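Small disclaimer: the values here were computed from a predicted structure and weren't measured. Here is how names work: the chains are called A, B, and so on, in the same order as the sequence lines, proteins then strands, and each is numbered from 1.
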Amino acid sequence: MADWLTHTLIGWITGKTMKQDIALVVIGALIPDLTKLTLLFTWLGVYDHQFFDPLHFPIGAFLVAGIIALFFQDIRKAFLALGIGVTTHFILDFFLVHTHGGITLLFPLSWEGWQIYWYRSDDYWVTIVVLIATFLVYGIFWYHERGKTNES
Amino acid sequence: MNHQRLLLGIILFLLLISLMSYYSLEHNNHDPDQRYILENFEAFNGTNVKMGGVVRSLDRTDKTIQIELSNPPNYLILISTIENISTTQPGDIVEVYGTLTSRNHIEAEKLLITERWKDDLVYLRSLPAVPFALYLFFRTYRFNTDTRRFERRKPHG
């Protein structure tokens, strides 16, 4: 997995540039890692039979996004923002280096895993680059908004 | 409308639980986990498997690494490799893909070694993400206990 800071920052950048609900895009970007609930069971010494794995598959993550969206006034708008966040998560994780296998993108239709081995999860430079990109995007939008305020 | 939401919620929840149960029951037939592989060693002997764990000891001359599997029952596995392990230290994290040649030995085809501090750093830099996401969310939304929905704190906020 890429670290959560990178996921949230990519979600923030995506929400900001696509003019979506940033808060929900960021929450959506973390949904697939609900699969980490498995760590709690490992810590308790309980074998969970990989029960939580489908949360890190697109269908599982989008179902969770659908359930969360029901707690908002505009379900479609909330689902769209959460779904965009979920998508950024999978795009980022799709390029992680593993020894074998990848993300089970088409489950339950296929058990095949897909992955492009590009960067390692422990590569902190990815986080640094994304952090710089976030500040850049924030700066650009701040400058743009300030320009608009000065005009009016 | 509220009944429709509730019904939709129940349907989505049941779908999710069904999917998770199906995966849990079937995954060992398609993508077996390391516990299942070692408990059914005879079926996987000579086949390629993927495992992961923490380096417990290593022999740089013989190019072997002994790892403790990351999940219970935390078996010890010996990995033989042709890759350079001169900088590998006990405590480092290993992901291996290779041929299972005995119950506790893998002939590595691919090896991914992560230094301990770099692995810890992944979790450390994940920590600020939680308050950041919660701050963003609760700055924008509040939970209305009457409607049982999240509402925007201010328009276009």
Is there a path from [X] to [Y] through hydrophobic residues (I, L, V, M, F, W, Y) whose side chains come within less than 4.5 Å of each other?
| X | Y | value |
| --- | --- | --- |
| A:Val25 | A:Ile27 | no |
| B:Leu136 | A:Tyr138 | yes |
| A:Phe141 | A:Ile10 | yes |
| A:Phe135 | A:Val129 | no |
| A:Leu37 | B:Leu127 | no |

Does [atom1] belonging to [X] count more than 12 external heavy atoms closer than 6.0 Å?
| X | atom1 | result |
| --- | --- | --- |
| A:Phe90 | CZ | yes |
| A:Trp114 | CH2 | yes |
| B:Ile82 | CD1 | no |
| B:Phe132 | CZ | yes |
| B:Phe44 | CZ | yes |

Given the rule in the side-chain contact (heavy atoms from CB on, under 4.5 Å) test, do A:Gln50 and B:Asn28 qualify, once you have shown the distances and angles that lead to the verdict?
CA-CA 10 Å; A:Gln50 319 291 108; B:Asn28 281 327; 5.9 Å; no
Select one option (side chain, backbone, both, neither) describing which atoms of [X] are under 4.5 Å from chain A's heavy atoms.
| X | result |
| --- | --- |
| B:Ser70 | backbone |
| B:Leu25 | neither |
| B:Leu8 | both |
| B:Val130 | side chain |
| B:Phe150 | both |

To the nearest 0.5 Å, what is the distance between CG (B:Asn74) and OG1 (A:Thr42)?
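Interatomic distance, B:Asn74 CG to A:Thr42 OG1, rounded to 0.5 Å: 9.0 Å.
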Find the distance between CE (B:Met51) and OG1 (A:Thr99) and round it off to the nearest 0.5 Å.
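Reported to 0.5 Å precision, the distance equals 11.5 Å.
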Does the B:Ser24 side chain pair with the main chain of A:His49, one donor and one acceptor, at a distance under 3.5 Å?
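Yes, because the side chain of B:Ser24 sits within donor-acceptor range (under 3.5 Å) of the backbone of A:His49.
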Tell me whether B:Arg149 contacts the main-chain N or O of A:Gln73 through its side chain, where contact means a donor paired with an acceptor under 3.5 Å.
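Not at all, since once roles are kept as given, no pair shorter than 3.5 Å links the two residues.
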Any side-chain heavy atom of [X] sitting closer than 4.5 Å to one from [Y]?
| X | Y | result |
| --- | --- | --- |
| A:Arg120 | B:Leu112 | yes |
| B:Leu12 | A:Leu63 | yes |
| A:Asp3 | B:Tyr123 | no |

For chain A, which of [options] has the most heavy-atom pairs under 4.5 Å?
| options | result |
| --- | --- |
| B:Asp31, B:Asp33, B:Ile93 | B:Asp33 |
| B:Phe143, B:Tyr135, B:Tyr141, B:Tyr36 | B:Tyr141 |
| B:His27, B:Glu151, B:Lys110, B:Lys118 | B:His27 |
| B:Phe138, B:Phe137, B:Tyr23, B:Tyr22 | B:Tyr23 |
| B:Arg35, B:Lys50, B:Glu109, B:Arg148 | B:Arg35 |

Relative to chain B, which of A:Phe51, A:Trp12, A:Trp4 shows the most heavy atom pairs under 4.5 Å?
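Of A:Phe51, A:Trp12, A:Trp4, A:Phe51 has the most heavy-atom pairs under 4.5 Å with chain B.
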Looking at A:Leu70, A:Thr104, A:Val26, which one has more heavy-atom pairs under 4.5 Å with chain B than the rest?
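Of A:Leu70, A:Thr104, A:Val26, A:Leu70 has the most heavy-atom pairs under 4.5 Å with chain B.
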Closest non-hydrogen atom pair, [X] against [Y]:
| X | Y | answer |
| --- | --- | --- |
| A:Ala23 | B:Thr140 | CB-OG1, 3.7 Å |
| B:Leu19 | A:Pro54 | O-CG, 4.1 Å |
| B:Leu16 | A:Ile67 | CD2-CD1, 4.2 Å |

Could you look at [X] and say if it's the side chain, the backbone, both or neither that has a heavy atom under 4.5 Å from chain B?
| X | result |
| --- | --- |
| A:Asp33 | neither |
| A:Phe107 | side chain |
| A:His98 | both |
| A:Val97 | both |

Once the angle between the rings of A:His100 and B:Tyr97 is folded into 0 to 90°, is it parallel (under 30°), tilted (30 to 60°) or perpendicular (over 60°)?
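Taking B:Tyr97 first and then A:His100, their aromatic rings lie parallel (interplane angle under 30°).
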Mind checking whether B:His30 and A:Trp111 have parallel, tilted or perpendicular rings, split at 30° and 60°?
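It falls in the parallel class, under 30°.
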Are B:Arg152 and A:Asp21 ion-paired here, with the side-chain N under 4.0 Å from a carboxylate O?
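Result for this pair is yes, salt bridge flagged.
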Over-ring placement of B:Arg125 relative to A:Tyr124, 6.0 Å and 45° cut-offs:
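The answer is no, since B:Arg125 fails at least one limit relative to A:Tyr124.
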